[in-house]
Amino acid sequence: MGMTAQDITEQLTSLRNDEQRTILMRFFKTAPGEYGAGDEFLGIRVPQTRHIAKLAARDTQLSEIPQLLSSPWHEIRLCALLILVLKFERLSSARLHNDAAAIAERDQILKLYLSHARQANNWDLVDLSAPKLLGSWLLLPSSLGDRKEKLRQLDRLSASPCLWEQRMSIVCTWKPLQKGDPTWCQRYAEIHLRHPHDLMHKAVGWMLREMGKRCSMELLRGFLSRHVREMPRTTLRYAIEKMPEQERQYWMNIPRTPPTP
């Protein structure tokens, strides 16, 4: 019998470290008015959480995951997301790409993830789950629908009022970029280009940088040529990070067009 949500919760809470908790709550901006306001930390380091997730991933039932995702503790929600990632990856080996049973299980995990997406309510929870779950799903056969359905799901996330669902729609494009497909990144980078939040500026710039690295610097230069005057400076700095210094200065010195009131 696999570990239950209660088993996992007890293991994680036994590792509580109040000194580390204070550091993490400051780092993840949990004060009133900040983006992580109200989040609670046990003070557990990520490798410790990963270790427990690895122990639990093989046999813990999916039915246990919603309880973990509803936990007030950040690390317990992270553990739940890492369990989903490990389960999904195990079902995504080359020999299982087109296996009907594996497809059904992957889709079940993906639906569970999407239905609890707002529980991934900080940038680390999104970044450690969306590329390997949602991003991998974009590349794999699915009974939930074809590319058009996948676009619909990402469009829904991108149009959400929830910052974390919006971030999912852009950072998940990292996985297709790894496989040389820039189309997802280009679409959601354009959609989020004028986003007001700094966390989205960083996410978009990060994915654009990856597009240049994984696909083509000429594709990145083309995107910049079309959009550099409207890009937030943070997005631009992230996007051009791997360019030679002289070229970085060229892009940074192009005047930005003030946004229309």
Side-chain angles (χ1 to χ4, degrees), residues 1-16 36 38-42 44-93 95-145 149-150 152-154 156-157 160 162 164-165 167-169 171-172 175:
M1 181 178 174
M3 294 171 69
T4 66
Q6 184 175 347
D7 295 332
I8 294 165
T9 297
E10 288 175 355
Q11 286 205 29
L12 287 165
T13 53
S14 73
L15 298 172
R16 178 172 175 147
D39 203 356
E40 291 286 348
F41 285 76
L42 290 164
I44 305 172
R45 298 183 184 278
V46 172
Q48 294 174 294
T49 306
R50 285 191 182 278
H51 175 70
I52 292 175
K54 189 173 182 180
L55 293 176
R58 183 170 297 276
D59 297 318
T60 296
Q61 299 298 307
L62 283 182
S63 58
E64 299 291 323
I65 300 300
Q67 183 178 335
L68 295 171
L69 289 173
S70 66
S71 172
W73 299 111
H74 185 100
E75 294 92 339
I76 292 176
R77 298 196 304 280
L78 173 58
C79 189
L81 294 168
L82 293 175
I83 290 169
L84 292 180
V85 167
L86 290 165
K87 285 181 174 291
F88 195 95
E89 288 181 333
R90 192 173 294 128
L91 294 161
S92 303
S93 64
R95 69 180 183 85
L96 294 176
H97 275 199
N98 296 295
D99 180 85
I103 291 172
E105 288 187 66
R106 290 197 305 258
D107 287 347
Q108 186 180 5
I109 292 169
L110 193 280
K111 286 192 293 184
L112 176 61
Y113 179 64
L114 290 176
S115 67
H116 292 82
R118 295 191 185 193
Q119 300 304 113
N121 59 342
N122 214 313
W123 59 264
D124 64 318
L125 301 180
V126 172
D127 296 359
L128 290 172
S129 61
K132 292 184 177 180
L133 285 174
L134 192 53
S136 295
W137 177 69
L138 298 178
L139 300 169
L140 291 165
S142 171
S143 61
L144 300 178
E149 172 60 19
K150 293 173 180 180
R152 191 185 72 79
Q153 290 290 349
L154 262 61
R156 180 185 62 79
L157 291 171
S160 167
C162 173
W164 311 115
E165 290 188 325
R167 188 174 172 100
M168 283 179 180
S169 72
V171 301
C172 77
K175 200 68 175 182

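Predicted model only: the values in this text are computed from it and were never measured.
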Salt bridge (Lys or Arg N to Asp or Glu O under 4.0 Å): which pairs involve [range], sequence neighbours left out?
range: residues 66-84; result: D39-R77
range: residues 45-56; result: none
range: residues 61-73; result: none

By side-chain contact (heavy atoms from CB on, under 4.5 Å) - contacts of [X] (at least two apart):
X: S70; result: none
X: E149; result: D146, R152, Q153
X: S14; result: none
X: S115; result: L112

*Nearest heavy-atom pair of Q119 and L69: which atoms, and what distance?*
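Shortest heavy-atom separation between Q119 and L69 comes out as NE2-O, 2.8 Å.
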*asked:* Could you report the tightest heavy-atom contact between M168 and A117, atom names first, then the distance?
replied: CE-O, 3.4 Å
Distance (rounded to the nearest 0.5 Å) between [X] [atom1] and [Y] [atom2]:
X: K150; Y: L144; atom1: NZ; atom2: CG; value: 8.5 Å
X: I8; Y: M3; atom1: CD1; atom2: CE; value: 5.0 Å
X: D7; Y: L55; atom1: CG; atom2: CG; value: 11.5 Å
X: L110; Y: L114; atom1: CG; atom2: CG; value: 5.0 Å
X: Q48; Y: C79; atom1: CD; atom2: SG; value: 11.5 Å

*asked:* I'd like to check the side-chain hydrogen bond (donor to acceptor under 3.5 Å, both in side chains) partners of S169; sequence neighbours left out, ordered by chain and number.
replied: H192
_With sequence neighbours excluded, residues passing side-chain hydrogen bond (donor to acceptor under 3.5 Å, both in side chains) with E10_ = Q6
*Step by step, work out the side chain to side chain contact (heavy atoms under 4.5 Å, CB included) result for S71 and T9.*
CA-CA 9 Å; S71 172; T9 297; 5.8 Å; no
*Could you go step by step and tell me if R106 and I103 meet the side chain to side chain contact (heavy atoms under 4.5 Å, CB included) rule?*
CA-CA 5 Å; R106 290 197 305 258; I103 291 172; 3.3 Å; yes
*Backbone N/O of L96 and side chain of D99: donor-acceptor pair under 3.5 Å*: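 No; zero donor-acceptor contacts below 3.5 Å.
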*asked:* Closer than 3.5 angstrom, by distance alone: can the side chain of N122 be matched with the main-chain N or O of D124 as a donor-acceptor pair?
replied: no
_Would you say that more than 12 heavy atoms from the other residues, nucleotides or ligands in this model lie under 6.0 Å from the CD of Q108, or not?_
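Atom CD in Q108 is not packed in, count stays at 12 or less.
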*Atom NE2 of H51 with >12 non-hydrogen neighbours under 6.0 angstrom*: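 No - once you tally the heavy atoms of other residues, nucleotides and ligands closer than 6.0 Å, there are 12 at most.
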Pairs under 3.5 angstrom only: tabulate donor-acceptor contacts from the side chains of residues 82-92 to other protein residues two or more places apart or in another chain.
residue : atom : partner : partner atom : Å
K87     : NZ   : A57     : O            : 2.8
K87     : NZ   : T60     : O            : 2.7
S92     : OG   : F88     : O            : 2.6

_Positive for side chain to side chain contact (heavy atoms under 4.5 Å, CB included) with I76, one of I52, I44, L12, T49_ =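 Only one of I52, I44, L12, T49 forms a side chain to side chain contact (heavy atoms under 4.5 Å, CB included) with I76, namely L12.
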*Steps toward side chain to side chain contact (heavy atoms under 4.5 Å, CB included) verdict (L139, K175)*: CA-CA 8 Å; L139 300 169; K175 200 68 175 182; 3.9 Å; yes
Scan the side chains in residues 125-137 for donor-acceptor partners under 3.5 Å anywhere in the protein, sequence neighbours excluded, and list what turns up.
residue : atom : partner : partner atom : Å
D127    : OD1  : R167    : NE           : 2.9
D127    : OD1  : R167    : NH2          : 3.4
D127    : OD2  : R167    : NH2          : 2.7
S129    : OG   : Y113    : OH           : 2.7
S129    : OG   : L125    : O            : 2.6
S129    : OG   : V126    : O            : 3.3
S136    : OG   : K132    : O            : 3.0
W137    : NE1  : D107    : OD1          : 3.4
W137    : NE1  : S142    : OG           : 3.0

_Pairs flagged by ring-ring contact (aromatic ring centres under 6.0 Å, His included) wherever residues 63-87 is involved - sequence neighbours left out_ =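 Sorted result for residues 63-87: F28-H74, F41-H74.
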